Amino acid sequence: MQPYGTWTSPFHAADIASSAPRIDGAKFVGDEIWWGESVPAEGGRVTVRSSNGNVLLPEPWNARSRVHEYGGGAWTADAEGTLFFVNAKDQRVYRMLPGAEPEPLTPAGPNHGGLRLQHGRLFAVREDLTGDRHRRAIVEIPTDGDDDDDVQETIATSGFVAHPALSPDGTRIAWVQWSDRHMPWQLALLHVAQLGGDTVASTPTRAALQPEWISDTELVYADDPTGRWQLQSITLDGLERTSGPDPIAPADADTGYGLWVLGNRWYQPLSDGRIVAVRTNGSDEIRLIERDGSNKRLEVPASAHVSVDDVSGTRVLLSGGGAGVNAGLWCVDVNSGAVERVRGGAAVDEAWMPPATRVTFDGPNGPVHAFDYAPANPHATAPAEELPPYIVFVHGGPTAHVSGGASAAIAYYTSRGIGVLDVNYGGSTGYGRAYRERLDGQWGIAEVDDVLAAARGLAAAGKADPERIAIRGGSAGGWTVLSALVRGGVFAAGISRYGVTDLRMLAEDTHDFEKYYLDGLVGPLPEAEQVYIDRSPLTHVERIDVPVLLLQGEDDRVVPPSQSEAIRDGLATRGVDHEYVLYPGEGHGFRRAETIIDALERELTFLGRVFGFAPEL
């Protein structure tokens with residue numbers, strides 16, 4: 001017999017830092033498959049690799065965009081093997097011919113991202129943050145490398161743009177656009193314009209995503225007019241809409257989620273007009289949709305945060321995670337059903353990492369969805385009278401979601417006898433608009449209600465020791481951690497990674513993309529200033545009476561270190577047990593191997609100290 005938390009585990013922090021690749025887009029390139037991949041051992045640098053074993057983008061080059069701060073779509077390639085990428089250091093777009101050094105295609109200054117190479121033409125989202133009035137544009141970038149000043153501005157706005165899609169005949173471009181007063185999942189419009197013209201045609205939408213041309217006259221996109229992101233089809237004669245929007249294979253699930261990064265693709269049309277699409281209802285499934293709307297599920301390992309990265313003939317590239325596999329990249333033939341594992345995606349040993357169990361709890365605002373990962377270790381048994389300690393994981397966003405995928409980082413805890421409950425609180429995507437709008441005006445209240453209800457429900461079901469439940473989250477999840485600790489009475493400890501502590505400070509410091517996000521989550525300033533004060537954990541730091549671990553990136557621009565340091569100082573003043581760690585070179589989210597290792601080991605040691613066991617690192 002071994003007490004929970006002390007079980008001997010094969011999962012070590014150093015292994016987890018490199019256990020599952022973080023895939024950043026994939027493409028068919030000639031007879032090869034290329035993909036982007038973060039390399040924790042190289043400071044989180046994003047390289048591009050090939051299925052023939054080559055590393056195509058060497059150090060010090062780093063394919064990473066900063067558009068909208070969260071980036072995405074930082075590389076693409078043509079069939080001949082020319083790589084186009086955004087370099088993290090200067091945010092310029094570069095071209096790298098096979099065997100040659102990268103050469104810039106854009107001038108220094110603006111940020112670039114969301115690269116799309118279509119019909120031999122390269123488009124990107126450009127962001128200029130100089131001056132008093134920030135501007136974004138869709139630009140066409142010449143690929144010949146002759147003149148980096150010959151970038152053509154196609155569409156410009158003081159708001160935001162994403163997903164440029166060029167018509168097959170090369171005469172029109174479609175894109176998604178939203179104002180700085182809204183987040184894209186609240187209100188985003190679908191626009192189509194003639195290249196070189198001034199006229200813009202708009203289609204009434206609620207939260208449009210990812211337009212794709214099926215032909216010169218048919219345009220498909222995702223939208224949620226019924227409360228679920230569904231594929232929609234319209235037909236166009238030039239810029240005039242002649243029919244639609246018509247739903248394509250509607251279902252009680254979402255094709256799409258929060259547009260945080262520019263590289264996500266939730267569906268892809270095949271050359272014969274069929275569509276491969278992700279459907280999300282908690283977890284993901286992949287559907288093959290026929291032209292008549294009939295559809296079937298593709299039997300693939302991927303079921304968590306799946307991106308449909310590229311298609312070629314009847315083959316499709318899927319990246320993401322799965323309930324029984326680690327994160328990876330797969331090539332699937334939709335006709336034969338053959339599945340090839342390209343990178344990662346290894347099956348997990350269910351004795352060590354059992355699939356997540358979907359659970360639902362009753363909360364004051366309605367049902368609360370979560371995934372339960374119970375402790376699992378084939379070589380350990382806890383005393384019969386002991387209940388396991390648990391960590392409640394809280395995702396960031398807050399408009400994001402978790403999908404129940406296998407994770408070595410979760411197994412790091414469960415294999416040692418510490419359960420994990422991953423909560424999709426109200427406000428999460430993956431359950432429709434009504435569920436995510438439960439957070440409107442209620443951030444700091446509704447999601448805290450939900451995580452408290454989930455923890456209480458877990459304990460009431462006899463699955464967790466009610467005296468040993470901790471809560472852990474990053475960014476907006478860190479805010480929920482601290483807000484839940486302010487409420488008190490449920491959690492015995494909290495771990496906040498780069499968490500928000502003061503709303504007024506966040507409103508003052510945050511970047512353009514989220515400038516008015518708080519208007520919807522809390523209320524507009526200055527009218528709602530008292531609400532900002534009352535909701536902030538920093539205002540009520542005297543109510544926190546349990547140990548807290550604070551982990552923070554020094555270079556974080558989304559939630560600066562001043563946020564964590566303010567709550568640290570408040571805890572120190574009152575003598576509350578706490579630890580604060582500042583990681584140099586890290587931004588909003590940890591990418592370096594040494595940071596990932598240190599953070600995991602600190603968390604485990606912290607929990608052991610608080611809960612009274614000596615964990616094996």
Side-chain angles (χ1 to χ4, degrees), residues 1-7 9 11 282 350-364 367-378 380-395 402 404 406-407 409-425 428 447-473 477 480-485 487-496 544-549 600 603-616:
M1 294 288 182
Q2 291 178 269
Y4 287 112
T6 66
W7 297 352
S9 170
F11 296 93
E350 292 191 0
W352 289 99
M353 183 69 218
T357 300
R358 286 183 183 232
V359 289
T360 303
F361 302 96
D362 293 327
V368 182
H369 301 290
F371 294 94
D372 180 19
Y373 300 84
N377 185 317
T381 303
E385 69 278 5
E386 185 183 6
L387 288 172
Y390 254 79
I391 315 176
V392 172
F393 277 16
V394 187
H395 67 68
V402 292
S407 165
I410 288 177
Y412 180 73
Y413 296 101
T414 57
S415 62
R416 287 170 166 79
I418 304 168
V420 173
L421 185 71
D422 217 355
V423 181
N424 276 321
Y425 50 81
S428 303
E447 90 285 6
V448 178
D449 289 341
D450 287 354
V451 297
L452 292 173
R456 290 189 181 110
L458 193 72
K463 294 182 178 181
D465 181 347
E467 302 300 319
R468 294 191 296 171
I469 302 178
I471 183 170
R472 169 193 189 264
T480 304
V481 166
L482 297 169
S483 297
L485 297 185
R487 292 268 197 106
V490 173
F491 296 110
I495 300 170
S496 171
I544 299 177
D545 57 4
V546 298
V548 182
L549 174 61
L600 281 171
E603 288 179 1
L604 183 60
T605 302
F606 171 76
L607 292 174
R609 179 171 63 78
V610 172
F611 289 156
F613 54 79
E616 178 193 82

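A quick note: this is a predicted structure, and the numbers were derived from the prediction, not measured. Because only heavy atoms are used, hydrogens play no part in the values below, and waters and symmetry mates are left out as well, while side chains stay in. This chain uses plain numbering: 1 for the first residue, then up along the sequence.
Taking CZ of Arg416 as the start and CD of Glu616 as the end, the distance is 6.5 Å to the nearest 0.5 Å.
Using a distance-only test at 3.5 Å, with no hydrogens or angles considered, no donor-acceptor pair links the side chain of Asp372 to the main chain of Leu421. Formation of a donor-acceptor pair under 3.5 Å by the Arg468 side chain with backbone atoms of Ala492 is not found in this model. No donor-acceptor pair under 3.5 Å is formed between the side chain of Asp465 and the backbone N or O of Pro389. Formation of a donor-acceptor pair under 3.5 Å by the Tyr373 side chain with backbone atoms of Ala406 is not found in this model.
Taking each heavy atom of Val423 and Ala454 in turn, the nearest pair found is CG2-CB, 4.1 Å. The minimum heavy-atom distance between Ile544 and Val548, with the atom names listed, is CG2-CG2, 3.9 Å.
You'll find the side chain of Leu604 reaches within 4.5 Å of the side chain of Ile418, heavy atoms only. Looking only at side-chain heavy atoms (C-beta outward), Trp352 and Thr414 stay at 4.5 Å or farther from each other.
In this pair, Tyr413 and Phe393 present their aromatic rings perpendicular. The plane angle is above 60°, beyond the 30 to 60° band.
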Checklist entry - Going through the checks in order, is the side chain to side chain donor-acceptor pair (under 3.5 Å) test met by Ser428 and His369? => result CA-CA 9 Å; Ser428 303; His369 301 290; over 6 Å; no

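Among Val392, Ile391, Val420, Leu607, the single residue meeting the side-chain contact (heavy atoms from CB on, under 4.5 Å) criterion with Arg472 is Ile391.
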